[in-house]
Amino acid sequence: MLNITLPDGKKLSFSDSITGFEIAEKISKSLSKQALIVSVDGQLRDLDFKIKKDSAVKIFTSKDKEGLETIRHDTAHILAMAVQELFPGTQVTIGPVIEDGFYYDFARKDPFTKEDLEKIENKMKEIVDRNEKTYREVWKRNDAIEHFKKNGEIYKAEIINSIPEGEEVSIYFHGKWHDLCRGPHLSSTGKVGKFFKLTKVSGAYWRGDSNNEMLQRVYGTSWSTQKELDDYLLRIEEAEKRDHRKLGKEMDLFHFREESPGSVFWHEKGWNLFQKLVSYMRMKQDQAGYKEINTPEILDRTLWEKSGHWEKFGANMYTSTTPDEKVFAIKPMNCPGCVQVFNQGLKSYRDLPLKMSEFGKVHRYEPSGALHGLLRVRAFTQDDAHIFCTEDQITEECLSVTNLILEIYKDLGFENVILKYSDRPDLRVGDDSVWDKAEAALLEAIKESKLEYSINKGEGAFYGPKIEFVLMDAIGRDWQCGTLQVDLNLPGRLGASYVDKDGNKKIPVMLHRALFGSLERFIGILIENYSGKLPFWITPLQSVVIPVSNDFDEYAKNVYEQLKKSGISAEVDLKNHNLNYKIRDHSLSKVPMLLICGKKEVDTNSVTIRRLDSTKHENMDLKEFIKQYSAFNKAPSI
RNA sequence: GCCCCUGUAGUUAAAUGGUAUAACACAUCCAUGGUAAGGAUGAGUUUCCAGUUCAAUUCUGGGUGGGGGCACCA
């Protein structure tokens with residue numbers, strides 16, 4: 001007698017062993033058609049897995065995450081089958097499911113071309129039509145290793161070798177083709193359907209290690225219906241439309257050029273946006289008790305040696321040798337400079353916590369392949385601050401930083417924030433006992449903040465553990481921005497101290513924090529989040545005054561002058577073009593408000609507002625307009 | 001840095017072993033227009049360095065930039 005418990009609590013009894021498929025059949029005919037895999041006591045299994053003891057069973061269809069992931073996993077196998085049929089001698093390695101799809105890494109001398117992808121895709125569809133039956137076998141480890149070695153699959157043999165002793169080595173067959181795989185899989189290749197597409201090819205290191213050889217990775221996406229596939233492809237297209245590199249060009253915000261890869265040439269409007277963010281943050285930080293400072297961009301090599309940067313960060317540093325052969329480094333971080341400001345003059349425990357902020361421009365020699373528009377550059381401005389405090393103050397200061405960050409994100413329209421906590425990396429400075437303390441204090445602050453957090457093992461900075469603030473944008477992508485790091489190492493290395501109550505010198509704790517992280521990067525994120533239609537108060541060009549014809553140029557100029565005085569940014573468009581042309585022109589560059597001036601407006605001393613993405617006309621008295629909109633010209637929390 | 005793709009006016013693209021085309025933008029002129037492109041005229045271009053060739057923007061190699069990934073990371 002065998003008792004099966006279903007997720008709704010219902011129990012079914014069977015006399016003998018039973019498979020998931022048979023249970024599904026028992027429940028309903030339609031379920032048996034839709035069933036893809038099962039879980040038995042929480043373990044995902046094939047539909048034909050023989051259940052021999054009392055178990056809790058759940059049946060998954062394509063509507064479940066587990067079902068869809070299995071479809072993707074199977075599509076990856078079919079990809080590997082197709083590649084090996086078309087290109088004999090190609091070795092298979094791994095082919096996992098990823099967000100929205102899957103990939104498979106192959107070892108092959110010749111690279112796959114775009115045409116190859118098409119051929120492979122057609123072959124995959126053929127394999128689905130062949131509807132090859134899937135079955136699972138468990139092999140002895142050594143037999144499996146021998147078998148794959150004999151077939152020239154040295155990567156597979158290596159993978160089997162690294163499977164822990166005692167774990168089953170399962171081999172899945174789709175017809176004759178077979179692969180080492182944990183499973184589970186659909187019962188046949190036909191079950192996968194044809195709602196997939198191969199999206200790109202790229203290189204990828206074997207086992208993710210850049211010391212290893214490079215394999216060829218084929219990416220694909222796979223869904224359970226044509227509509228889901230179409231929706232996904234549309235979503236990708238929509239995301240491309242908000243690419244900040246494209247919008248930055250269209251909106252005339254910035255550009256890059258060959259003479260300085262990874263460094264931004266800010267145009268007037270982009271720089272205006274940049275400055276609006278800076279002055280907003282100055283105001284917020286001033287309210288929160290920060291003192292703004294500024295330190296040199298170029299500092300002597302010896303300081304970087306003392307701080308540990310020369311050794312641990314040297315590969316990313318720009319250096320400069322002067323005519324008299326002295327070596328300086330262009331700062332990749334602001335911290336050593338800030339500590340020097342702290343070191344100047346004697347500090348008392350009464351001065352703590354001392355919060356020093358700096359909009360510091362740093363340069364880092366990033367690997368060329370990492371550069372990506374504003375999101376990853378070689379020269380960027382950190383909205384940095386260093387908080388010198390006592391060990392007892394760490395938790396409280398961390399909490400106040402967290403609150404400031406959340407407030408600022410909210411002002412800019414990001415309310416969905418999670419934390420990532422990273423502890424000690426392999427490459428680090430300082431004793432483990434010091435790390436123990438720093439990690440504990442930071443973790444305590446996180447717990448008190450009550451925010452959701454995840455742990456990244458070994459991802460901390462070389463001088464201390466850190467929290468990263470990750471925000472979610474309008475289309476669900478997450479971006480790492482702010483960071484908060486506890487540092488019990490640098491102040492000691494650089495000789496920072498304060499006089500404590502008892503008259504003895506003590507070494508302060510230093511917290512490093514950045515709110516947006518990099519202004520450049522944050523602007524990129526803002527542009528993508530808003531598709532270029534930024535909140536009014538940070539929009540660089542808020543209005544353009546357009547006369548209906550030259551007859552109204554004087555009035556339009558007058559309106560423009562008044563707007564400028566009120567702090568609303570404006571241009572007046574007196575070019576030889578008609579109204580339609582100008583509306584199109586400024587709409588494409590995403591000016592939120594166009595102010596149309598003709599006879600009617602002159603007569604009533606008013607403007608007609610035409611908003612971006614609206615064809616409504618709204619006539620408003622000019623004084624009233626200025627009063628209303630200059631009030632909107634600041635952050636929500638100010 | 002590694003793998004693949006790629007570099008043509010300000011921008012987006014087209015074409016070619018005999019130095020190149022269009023649209024938009026720009027300039028001048030005409031038109032003076034009420035909510036997403038009015039018309040005419042004009043000026044402007046093959047990423048750099050080698051090689052092959054009578055001839056290279058085109059073919060080959062390299063540098064460099066850009067893109068998609070990997071690795072790295074704010």
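Per chain, numbering begins at 1; letters A, B, ... match sequence-line order.
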Which base, if any, makes a Watson-Crick or G-U wobble pair with B:rC59, both distances under 3.5 Å? B:rG51
Tell me the partner of B:rA40, counting only Watson-Crick (N1-N3 plus N6-O4 or O6-N4) or G-U wobble (N1-O2 and O6-N3) with both under 3.5 Å; none if nothing fits. B:rU28
Within the modelled atom types, does a donor on one side and an acceptor on the other bring the side chain of [X] and the base of [N] under 3.5 Å apart?
X      : N      : value
A:E601 : B:rG34 : yes
A:Y205 : B:rG69 : no
A:R584 : B:rA37 : yes
A:R376 : B:rC72 : yes
A:D551 : B:rU32 : no
A:R207 : B:rA71 : no

Just by distance, do the side chain of A:Y560 and the backbone of A:I546 share a donor-acceptor pair under 3.5 Å? no
What I'd like to find out is whether the side chain of A:F359 reaches to under 4.5 Å of the side chain of A:D384, using heavy atoms alone. no
Apply the test side-chain contact (heavy atoms from CB on, under 4.5 Å) to residues A:L563 and A:S543: give CA-CA distance (whole Å), side-chain angles for both, the deciding distance (0.1 Å), then the verdict. CA-CA 9 Å; A:L563 289 173; A:S543 62; 3.7 Å; yes
Test A:Y421 against every option in A:K457, A:K466, A:E468, A:E439 by the side-chain contact (heavy atoms from CB on, under 4.5 Å) rule and name the one that passes. A:E439
5' priority, RNA chain B, between A:S210 and A:K616 [closest heavy atom]: A:K616
Which of the following nucleotides, B:rC72, B:rA36, B:rG69, is nearest to the side chain of A:A370? B:rC72
Got a salt bridge between A:K269 and A:D252, using NZ or NE/NH1/NH2 to carboxylate O under 4.0 Å? no
Distance (rounded to the nearest 0.5 Å) between A:Q542 CD and A:T539 OG1: 6.0 Å
Interface residues of residues 97-121 of chain A with RNA chain B (non-hydrogen, below 4.0 angstrom): A:P111
Does CD in A:Q628 sit with more than 12 non-hydrogen atoms of other residues, nucleotides or ligands closer than 6.0 Å? yes
Return yes when atom CD of A:E259 has more than 12 non-hydrogen atoms of other residues, nucleotides or ligands closer than 6.0 Å, and no otherwise. yes
What do you reckon, are the aromatic ring centroids of A:F87 and A:F106 less than 6.0 Å apart? no
N/O-N/O pairs, protein side and nucleotides 38-49 of chain B side, under 3.5 Å:
unit_1	atom_1	unit_2	atom_2	d
B:rG38	OP2	A:N578	ND2	3.0

